[in-house]
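Let me begin by presenting the structure, written as structure tokens, before commenting on it.
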Amino acid sequence: MRIDSVDFFYLAMPEITMDADGSQDALLVRVQADGVVGWGECEASPLTSIAAFVTPPSHGACLGVADSVIGERLDGPDDIRRIAAAVTRNSMDLLQAPHTFSGIEIALWDLLGVARQEPVWRLLGQTLSLPKTPYASVLFGDDPQTTLERGRSLVARGFRAVKFGWGPFGTGTVEADADQIMAAREGIGPEAALLVDAGQIWDTDVAAAAQRLPALDDASVTWLEEPFHAHAISAYADLARYGARVGLAGGEGAHNVHMAMNLMSYGAIRFIQTDTGRIGGIGSARDVADAARARDIVYVNHTFTSHLALSASLQSFASDVDSTICEYPAEPRALALAITENHLDLDDNGQIAAPDAPGLGMSVDTAALGDYLRDVRIEVDGTEIFRSSPLPVSTTTGATT
Ligand SMILES: [Mg+2]
């Protein structure tokens, strides 16, 4: 097959709020090769990611992503690796390139899986797709009572693990944070796993983070996620020296495999979380999962958007026996749920698994997306270099157009 086209669909909720909720917009990617279609999603600012695809070259190591993708052969997994390496090399000075390519790479795997009638996880060399316990990933309430009630409702929906993050956490006093943590524990009960995401609130302030450790341990919190700037690796290592029971987690800010490797090697983390839609796609996420296993670090996906992104994120560690939990966007905006016809719903055991179906196993519901589509035109010197395509009428992943 040869890659004929890459189309981007910038989708957004009618109103974007300042909540730290990444499901408010989406950049959906469609790749076509010899009449076969694959879908992917970038976890990034849509407009800048489109620009990184079509931009004219700045110099020999700063090409738009399109220059390394369009017209390339796609006959097997090695071609996806080869194209990824070309993007890394040719766009090394274009910092948005990994974000843009992540969605393309996901679509390439989907396309290849559809062409071969194999799930992506099998194309990656895995023989099993093991069920994972999804943790509901939600924001802290504005007050402890709201957090408590949110936790209660999530457990009632069947979740056995819940992560609270962002919101007011870390912005007030140590006591206020302790109240939030205890409310979260009370809401989900003593049995469910509790995870806390600080959303980089302390930047590099290790002492501020350390003040919260007793409350985290008192509430038997499994991990404290992103206490610091994503790349403040020494701060992570310094906090780990306090010897708290709570493990440190991070990695969603990794834009390439090396960033995740550094956090694992020098940050003393116990959980590495990468976002397949940011780190370069499924192949890069797989590399991190393999490296984590070798270092006794637990690999977990970061996914806060659609079920297309969720399926993509599950592919890279489908068979890993030590990775028993996965992030699950429990309260996404309507847009994120509208992207696919099918969803990865919890089974009777409260678990989900990467689908045993061709490609990503998800059907993109283009008919439901019209109201969210933003019309984009990019022009240079009066010449149009990008114009958004209308959403295709065909709705099923892998359908011939
Ligand atoms: Mg997070």
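Counting convention: from 1, in listed order, for ligands and their atoms alike. One-based numbering along the sequence shown.
Looking only at side-chain heavy atoms (C-beta outward), Phe8 and Phe53 come within less than 4.5 Å of each other. Counting heavy atoms from C-beta on, the side chains of Glu72 and Asp79 never come closer than 4.5 Å.
Aromatic ring centres of His302 and Phe271: separated by at least 6.0 Å. Between Tyr135 and Trp223, the ring center distance clears the sub-6.0 Å criterion.
Here the Mg ion (ligand 1) has protein N, O or S atoms under 2.8 Å from it, and they come to 3.
Ring planes of Phe9 and Trp39: tilted class, angle from 30 to 60°.
Sequence neighbours left out, the pairs with a member in residues 230-241 that pass side chain to side chain donor-acceptor pair (under 3.5 Å) are Asp238-Arg241.
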